[in-house]
Amino acid sequence: MKRLLSLYGIAFFAFVYAPILLVVLFSFNANPINMMIWDGFTLDWYRLIFGMETSVTESSTYIDTTPQLYSAVRVSFTVALTTTAISTVFGTILALAVARYRFRLAGLYRALLMVPMIMPDIVLGIALLIFFITIGMNLSMGTIIIGHCTFLISYVFVTVSTRLAQLDLSVEEASADLGASPFQTFRKVTLPSIAPGVMGGGLLAFIISMDDLVITYFIAGTGNTTLPIHIWGMLRRGIKPEINAIATLLLLFSIAVAALGLYLRSRQK
Amino acid sequence: MKLSDRKTWNLRALLAAPTAFLLIFFFGPLLIMVVYSFLTPGIYGGVDWTFSHLNYGRILGWADTKYEKFDPVFLWIFLRSLRLAALTVLTCVLVSYPAAFWISRMPKARRNMAIFLVTLPFFVSLIVRLFAWVLILRPTGFLNQGLMGLGLTSEPLEFLYTDFAVIVGMTYVFIPFMFLPLYASIEKLDSSQIEASMDLGATRFQTFRKVVLPATLPGIIGGSVITFIPSLGNFIVPSVLGGAKVVMIGNLIEQQFLSARNWPFGSALAMLVMAAVLCLLLAQLKLARTTEERA
């Protein structure tokens, strides 16, 4: 029984990781027609996405999409960084207010802040689209940022709240008793102790914003393609080997960010 | 008195910006969507500001005008989405449960590593993960090449653009959602209870059904709810892996907004999804209350 379970466990991890590893493997396959047949190791697909000359670029049907890719990366980073900044500040403020002040609406806040997290993203996407058009706001990078913040504030709120719940209130009280102003107490006592939660929430917001497809799809308008939408567009035009290379690079990036999060968490313990 | 006054002011100043932001940009849009679902679609896209219940009538059965006619296909697509979401939840449970059980019996250091490895794909771009499945399932893909190599089939089978592909894709994407709540409840399982049950002569199956399953039910329910909600309204997985053949309610909503340009009808369809989600959450709440009362 035990051996059967271990065997299953290995199969489970194979199911989880094999598809991803397949993409990485194919990104180095020289065969331009059939990815399934190994035709030797190549870095051509990586050279191709960075606009360098390869065997494919000489063909007459080749269209250089490097500028679009660069633009998509730029839009994605701008959106994700701005979104992370706004939602981290707002989420942290809300978490502090709900945890540290006793007020009548605290329970309501806690409940309502759960709503964005369980809202199906297509519903939020179309609701935002209708809203922006109705109030006459042009779809732009700004609308993408607003759209991402509406649900990422909740993620930061939850992460910081979890951290606040583990903290000892008496340290803050001691600081106030010893004559520190509320701002001093916040800066010297509260903020350092919630820092891991704030950073964890911010990192989560960054990753989700970088990866969001559905909400961005509805409110991006034309000319503000983010990286996931760019890849989706490429996919719809046909399966090409260079998608493997872009996917692999994106994969490396997400794993690096996730590992950074884990590292920060382990250091603060 | 003074101190508490200042506290209230601090609080108001703190809450003002985020509260205003969420009221305007989260609850505002939802409200407008509800309003739109009761308006008349304009002839050239856009919307006429006159009340209409026919958007719901088209879905549920009472609309019979020339342009707004009841068509059972909408309800049928909705039911099919419910079915696909339910099947996704079922596969997620079946795939994750033994794995969560296996990991919960590991030594602590390895356990943490294993949990990290299960959740890591959640951080990997969704579109990359779905692309991987396109490579596996398409006619010249990995799975077909493997099956033909083994001589199990002489020509490629159609995996891509089927219900099967959509369920596999959604299962793959939502495994972390199911795994974590499952693991949390399995880890709390008291192994002495299992031993007692076995010592008293229960078979493995009886022990599982009478001891293990009831104790881990909260995890199964929690995981099922948070897997079901994003599955039901999903439109990326069916558009990448289901193509035009597997249309879910999410694809239907998308069409109303980006090609048919009938926003009121699209809003009504979205309200249908919201209603289903709400019913599910209420049922979960009620279930949690009754189990609490029993305990």
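A note on names: the letters A, B, ... follow the listed sequences, proteins ahead of strands, and every chain is numbered from 1. Just so it is clear, the model here is predicted, and its values are computed rather than measured. Note that these values count all heavy atoms, side chains included, but never hydrogens, waters or copies made by symmetry.
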[X], part contacting chain A, at a heavy-atom distance under 4.5 Å:
X	result
T119(B)	neither
W133(B)	side chain
F123(B)	both
L232(B)	neither
P230(B)	neither
R138(B)	side chain
V273(B)	side chain
I24(B)	both
F21(B)	side chain
V225(B)	neither
I103(B)	side chain
V124(B)	both
L14(B)	both

Contact origin within [X] toward chain B - heavy atom pairs under 4.5 Å:
X	result
L21(A)	neither
N244(A)	both
V257(A)	neither
F15(A)	both
S6(A)	both

Quick one: of [options], who has the most non-hydrogen atom pairs under 4.5 Å with chain B?
options	value
I126(A), I207(A), L235(A), L250(A)	I126(A)
I239(A), I231(A), I20(A)	I239(A)
L129(A), D121(A), I208(A)	L129(A)
L204(A), I229(A), V214(A), T248(A)	V214(A)

Heavy-atom side-chain contact between [X] and [Y] under 4.5 Å:
X	Y	result
F12(A)	I175(B)	yes
S239(B)	W232(A)	yes
S125(B)	L251(A)	no
I127(B)	L227(A)	no
P120(A)	V277(B)	yes
M119(A)	L30(B)	yes
I130(A)	S267(B)	yes
P19(A)	I136(B)	yes

With rounding to the nearest 0.5 Å, note down the distance linking [atom1] in [X] to [atom2] in [Y].
X	Y	atom1	atom2	answer
L278(B)	I118(A)	CG	CD1	8.0 Å
M248(B)	I122(A)	CE	CD1	10.0 Å
F25(B)	L128(A)	CZ	CG	9.5 Å
S154(A)	L22(B)	OG	CG	6.5 Å
L281(B)	M114(A)	CG	CE	12.0 Å
F257(B)	Y217(A)	CZ	OH	12.5 Å

Could you name the residues of residues 89-96 of chain A that have a heavy atom within less than 4.5 Å of a heavy atom in chain B?
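The residues closer than 4.5 Å to chain B, in numerical order, are F90(A), I93(A), L94(A).
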Contact summary for A132(B) and V23(A), nearest pair of heavy atoms
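So the two residues come closest at CB-CG2, 3.5 Å.
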Minimum heavy-atom separation for Y8(A) to A99(B), with atom names?
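Closest heavy-atom pair between Y8(A) and A99(B): CE2-N, 3.6 Å.
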Check: [Y] main-chain N/O paired with [X] side-chain donor or acceptor under 3.5 Å:
X	Y	value
Y109(A)	T19(B)	no
Y17(A)	L117(B)	yes
D211(A)	L126(B)	yes
Y172(B)	V16(A)	yes

Would you confirm whether the ring centroid of F151(A) sits within less than 6.0 angstrom of the ring centroid of F26(B)?
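Here the rings of F151(A) and F26(B) have centres that are no less than 6.0 Å from each other.
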Between [options], which residue shows the highest count of heavy-atom pairs closer than 4.5 Å to chain A?
options	value
G266(B), G250(B), P121(B), S96(B)	P121(B)
M274(B), R129(B), Q256(B)	M274(B)
I253(B), T140(B), L15(B), L269(B)	L15(B)

R111(B): which residues meet the salt bridge (Lys or Arg N to Asp or Glu O under 4.0 Å) condition with it, sequence neighbours left out?
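For R111(B) the salt bridge (Lys or Arg N to Asp or Glu O under 4.0 Å) partners, ignoring immediate neighbours, are E187(B).
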ring-ring contact (aromatic ring centres under 6.0 Å, His included) assessment of F131(A) paired with W263(B):
CA-CA 11 Å; F131(A) 175 80; W263(B) 292 13; over 10 Å; no
